[in-house]
Amino acid sequence: MLSRRAKEGGAATVDPPAGPAAAAGRTVHHSKSMPAHLAAVSASEWLDGEGGAPSGRRRGSTLLKWACVLLALLVLLRHALRPGAGGYTHTSFVTVEGSQFWLDCRPFYLAGFNLETAAEAAAARNAFAAGRRAGGESTLRSLFGRAAASGLNVVRTWAHTSDPAYPLQVSPGVYSEAAFQALDAAIAEAEAAGLRVILSLADNWKRSGGVDEYVDWSTTAPPRDPKFPPINDTQGDVSVEDHSEERRRYEDRRKALFFTDREARRLYRDHVRAVLERRNTLTGRLYRDDPTILAFDLLNELRCSSYETAECTDLVSRWVQDMSQHFKSLDQRHLLTVGSEGFYGERDTMKEVNPGAPGSDWASKAGQDFIANHQLPTIDFAAFHLWPDNWNTHNATFHRKWVEQHYEDCATLLKKPCLLEEFGKRLGNDDDLPSPTDIALHRDNFFVDAYAAVEAGVEGRKGAGGSLYWRWGLNPHDPSHPGAYGVLPQHSTFALISAHAQLLRTHMLVTAPHKKCPLVVDCWVPATSFGGLLRRCEDRPSVCADHRSLAKFELSTKSAGNVTTHTLRSHGPPVFATHAACCLPGLGAFGRGCSTTWV
């Protein structure tokens with residue numbers, strides 16, 4: 001266990017490669033065979049008369065045949081120049097070493113978003129027809145494609161019920177196959193777009209799929225008092241803030257049972273096994289074998305009130321240890337984190353950094369202990385959240401210090417990557433449509449500050465692993481309303497999101513491969529020809545050797561309004577570990593992906 005600090009204190013391109021410029025070099029064509037019905041026909045068969053000269057009697061027929069040939073060639077050429085349409089397949093797992101995420105021997109930074117209702121969106125495809133009216137996406141596939149095209153590479157969603165009207169686990173150990181198939185589809189669509197997925201295994205806030213439901217299901221926990229029936233809310237998180245003091249205290253004490261009650265703990269462990277051993281009906285892979293899934297959260301924003309149960313902090317720490325060990329006994333390849341907000345515990349001298357402090361100790365008494373919870377060997381990386389509205393902390397200085405302190409602790413104490421897993425800015429209510437002025441004045445400024453703190457952590461090698469904003473503004477049942485926290489591509493905030501994602505992506509592309517990895521294979525770089533008309537990727541190990549010997553970069557910035565564009569100038573082109581990754585539209589070397597040729 002780690003001790004806490006003491007109290008003292010080439011050719012011109014039409015569609016250039018994203019990131020650094022592509023290297024000039026030899027042209028490599030990936031052969032695509034001509035259709036048999038064309039290849040089998042010789043030129044003489046298309047011409048009449050001796051020597052191939054067309055006869056006057058058949059001139060019209062010959063011209064028609066040549067027109068058909070020309071049309072076929074044009075169709076082939078159009079196919080050759082279009083981006084690859086096939087779905088992407090992940091073959092490598094994201095790993096950690098020290099305070100850095102790694103993928104295929106290269107640093108990996110998470111630039112993504114939360115969409116807790118992704119499975120619902122996959123199940124409610126008939127509801128997407130209205131999506132265009134709000135400027136939203138017509139399908140989950142196009143949403144993920146738009147995300148990848150903007151540089152986003154991770155989506156976080158729920159592997160539990162998010163809406164009681166569409167439950168995943170309908171009773172203890174009994175699952176809705178339709179709901180599970182919707183989650184299968186969400187994961188498969190994310191993979192096809194080249195995205196990675198983080199799955200939360202349970203929730204603190206929603207009763208359905210949350211800790212309160214497990215306690216209510218338990219046969220060893222006291223039955224629920226009939227005076228206080230279960231609270232189910234399909235709109236947002238369940239809160240007892242507006243209830244009586246008696247009801248609030250009752251719910252807090254009952255929630256603490258989740259961490260100690262024998263049957264509630266067993267039900268949670270069974271759910272973990274059910275998710276990990278689920279076989280995706282579209283990809284055929286078990287979830288525990290699927291590299292599309294980057295990581296799991298044990299429990300989204302776990303809480304246990306020390307006001308009502310004095311030993312809550314210790315109960316939560318023991319629960320995290322037990323359940324993380326259970327997870328790792330079933331799955332050793334996926335990364336695991338807690339999923340908490342990142343509050344410092346009651347015995348931590350840094351509790352003064354918590355929201356509300358020093359005037360209030362509510363955060364330190366929420367049962368979390370950021371250091372103790374994340375220092376366990378079964379927890380692979382640390383995650384924390386930032387909520388100015390929920391915490392009533394509208395101070396940009398606090399926001400910056402909150403992020404910086406967690407990065408400092410991850411780099412020096414935990415020696416693990418640190419992910420800003422949730423952050424967002426509320427505008428009105430879920431039924432409101434925010435105005436462009438409100439978005440620019442309130443949400444944009446908050447996102448600028450949050451991203452600046454993350455980017456400083458990345459550039460300073462402070463253990464910063466990236467960020468996931470809350471949330472993509474998709475309501476699967478009412479696409480015309482993005483919700484109070486929802487961000488849509490037409491919002492000015494989205495330009496900030498894309499610029500941040502592209503900066504983190506550039507950091508990945510200009511960094512040399514890990515020193516433990518061989519240089520003789522898998523060093524794919526972009527190349528173009530015919531003025532950028534043909535876009536391809538070539539395997540050039542020498543480029544990776546150059547990257548390793550000249551692994552440094554310079555950062556330049558250019559600001560226009562609220563959007564700051566960062567450009568990294570490196571000593572070579574971006575490099576990718578596989579041809580597929582290099583050619584992936586949006587997240588690869590080209591915005592539209594590689595073209596192909598049949599020559």
Side-chain angles (χ1 to χ4, degrees), residues 116 158 160-172 200 202-265 267-268 271 298-316 319 339-341 343 345-346 354-357 359-369 385 387-393 422 426 429-431 483-485:
E116 78 284 8
W158 291 175
H160 54 77
T161 301
S162 62
D163 185 339
Y166 306 92
L168 176 64
Q169 189 174 189
V170 296
S171 61
S200 167
D203 191 30
N204 172 70
W205 301 110
K206 294 276 191 181
R207 178 184 178 273
S208 297
V211 300
D212 297 312
E213 185 170 60
Y214 282 114
V215 175
D216 288 346
W217 279 342
S218 171
T219 58
T220 56
R224 177 173 281 276
D225 191 325
K227 290 194 307 182
F228 305 123
I231 306 171
N232 272 321
D233 188 356
T234 61
Q235 300 296 321
D237 296 332
V238 171
S239 173
V240 296
E241 295 301 319
D242 296 330
H243 293 270
S244 67
E245 180 69 10
E246 181 187 14
R247 176 70 187 264
R248 183 191 63 76
R249 297 184 65 182
Y250 174 81
E251 296 294 346
D252 283 346
R253 288 194 297 269
R254 188 163 181 82
K255 191 181 292 289
L257 294 173
F258 173 76
F259 300 100
T260 59
D261 179 73
R262 176 170 56 85
E263 182 71 1
R265 288 164 61 92
L267 291 174
Y268 175 84
H271 176 65
L298 284 176
L299 176 57
N300 178 56
E301 297 192 339
L302 72 170
R303 295 280 189 94
C304 182
S305 175
S306 295
Y307 290 125
E308 304 302 329
T309 306
E311 64 274 21
C312 258
T313 301
D314 292 333
L315 296 180
V316 168
W319 183 90
S340 68
E341 291 139 297
F343 300 147
E346 294 178 282
N354 282 337
S360 173
D361 61 355
W362 68 265
S364 65
K365 288 187 174 293
Q368 301 176 23
D369 188 328
H385 301 175
W387 290 110
D389 298 290
N390 297 356
W391 302 345
N392 195 27
T393 55
E422 289 185 16
R426 184 183 185 92
N429 299 311
D430 283 340
D431 293 333
Y485 288 97

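Using cut-offs of 30° and 60° on the angle between ring planes, the pair Phe259 and Trp319 is perpendicular. Between Phe258 and Tyr268, the angle of the ring planes goes over 60°, which puts this pair in the perpendicular group of the 30/60° scheme.
Under a 4.0 Å N-O distance rule, the pair Asp163/Lys206 does not qualify as a salt bridge. With salt bridges taken as basic N to acidic carboxylate O contacts below 4.0 Å, none links Glu251 and Arg254. Contact check on Arg303 versus Glu341 returns a salt bridge, with a Lys/Arg side-chain nitrogen under 4.0 Å from an Asp/Glu carboxylate oxygen.
Closest of all the heavy-atom pairs between Pro222 and Leu257 is CD-CD1, 3.8 Å. A pairwise comparison of heavy atoms in Asn300 and Ser200 identifies CB-OG, 3.7 Å as the closest pair. Counting all heavy atoms, side chain and backbone alike, Thr309 lies closest to Ala256 at OG1-CB, 3.5 Å. Shortest non-hydrogen contact noted between Thr393 and Pro355 is CG2-CB, 3.8 Å. Asn204 and Glu301 make their closest contact through CB-O, 3.0 Å (heavy atoms, listed as atom of the first residue, atom of the second, distance). Scanning all heavy atoms of the two residues, the minimum distance from Ala366 to Phe343 falls at CB-CD1, 3.9 Å.
Taking the ring pair (Phe, Tyr, Trp, His ring centres under 6.0 Å) definition, one finds that His385 meets it with nothing, sequence neighbours left out. Take Asp389 and apply the salt bridge (Lys or Arg N to Asp or Glu O under 4.0 Å) test, not counting sequence neighbours, and it matches Lys425. Evaluation of the salt bridge (Lys or Arg N to Asp or Glu O under 4.0 Å) rule for Asp314 yields Arg347 as partners, not counting sequence neighbours. Residues forming a side chain to side chain donor-acceptor pair (under 3.5 Å) with Tyr250 (at least two apart in sequence, or on another chain): none. Taking Arg426 as the reference, nothing meets the salt bridge (Lys or Arg N to Asp or Glu O under 4.0 Å) condition, with sequence neighbours excluded. The salt bridge (Lys or Arg N to Asp or Glu O under 4.0 Å) test applied to Glu263 returns Arg266, not counting sequence neighbours.
For the pair Glu116/Asp203, no side-chain contact is recorded, criterion being any heavy-atom separation below 4.5 Å from C-beta on. Between Arg248 and His243 there is no side-chain heavy-atom pair separated by less than 4.5 Å.
With Arg207 as the fixed residue, the side chain to side chain donor-acceptor pair (under 3.5 Å) test singles out one of Asp216, Asp212, Thr161: Asp216.
Not one N or O on the side chain of Asn429 forms a donor-acceptor pair closer than 3.5 Å with the backbone of Asp431. Checking side-chain atoms of Ser244 against main-chain N and O of Arg247 turns up a donor-acceptor pair under 3.5 Å. In this structure, the side chain of Lys255 does not engage the main chain of Ser305 through any donor-acceptor pair within 3.5 Å.
The distance from atom CG of Asn392 to atom CH2 of Trp387, rounded to the nearest 0.5 Å, is 15.0 Å. The NZ atom of Lys365 lies 10.0 Å from the SG atom of Cys312; values are rounded to the nearest 0.5 Å. A distance of 11.0 Å separates OG of Ser208 from CG of Leu168, quoted to the nearest 0.5 Å. Taken from OG in Ser218 to CZ in Arg224, the straight-line distance is 12.5 Å, to the nearest 0.5 Å. The structure places OG1 of Thr219 at 8.0 Å from CG of Asp261, a figure rounded to the nearest 0.5 Å. How far CD of Gln368 is from OG of Ser306: 10.5 Å, rounded to the nearest 0.5 Å.
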- What's the verdict on side-chain contact (heavy atoms from CB on, under 4.5 Å) for Tyr214 and His271, showing C-alpha distance, side-chain angles and the deciding distance? CA-CA 10 Å; Tyr214 282 114; His271 176 65; 3.3 Å; yes
- Message: Using the rule given for side-chain contact (heavy atoms from CB on, under 4.5 Å), can you reason through Gln169 versus Glu213, listing the C-alpha separation, both sets of side-chain angles and the distance that settles it, and then say yes or no?
- Response: CA-CA 10 Å; Gln169 189 174 189; Glu213 185 170 60; 5.7 Å; no
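Using a 3.5 Å distance cut-off with no hydrogens or angles, the side chains of Glu346 and Thr313 do pair a donor with an acceptor.
More than 12 heavy-atom neighbours from other residues, nucleotides or ligands sit within 6.0 angstrom of CZ on Arg253.
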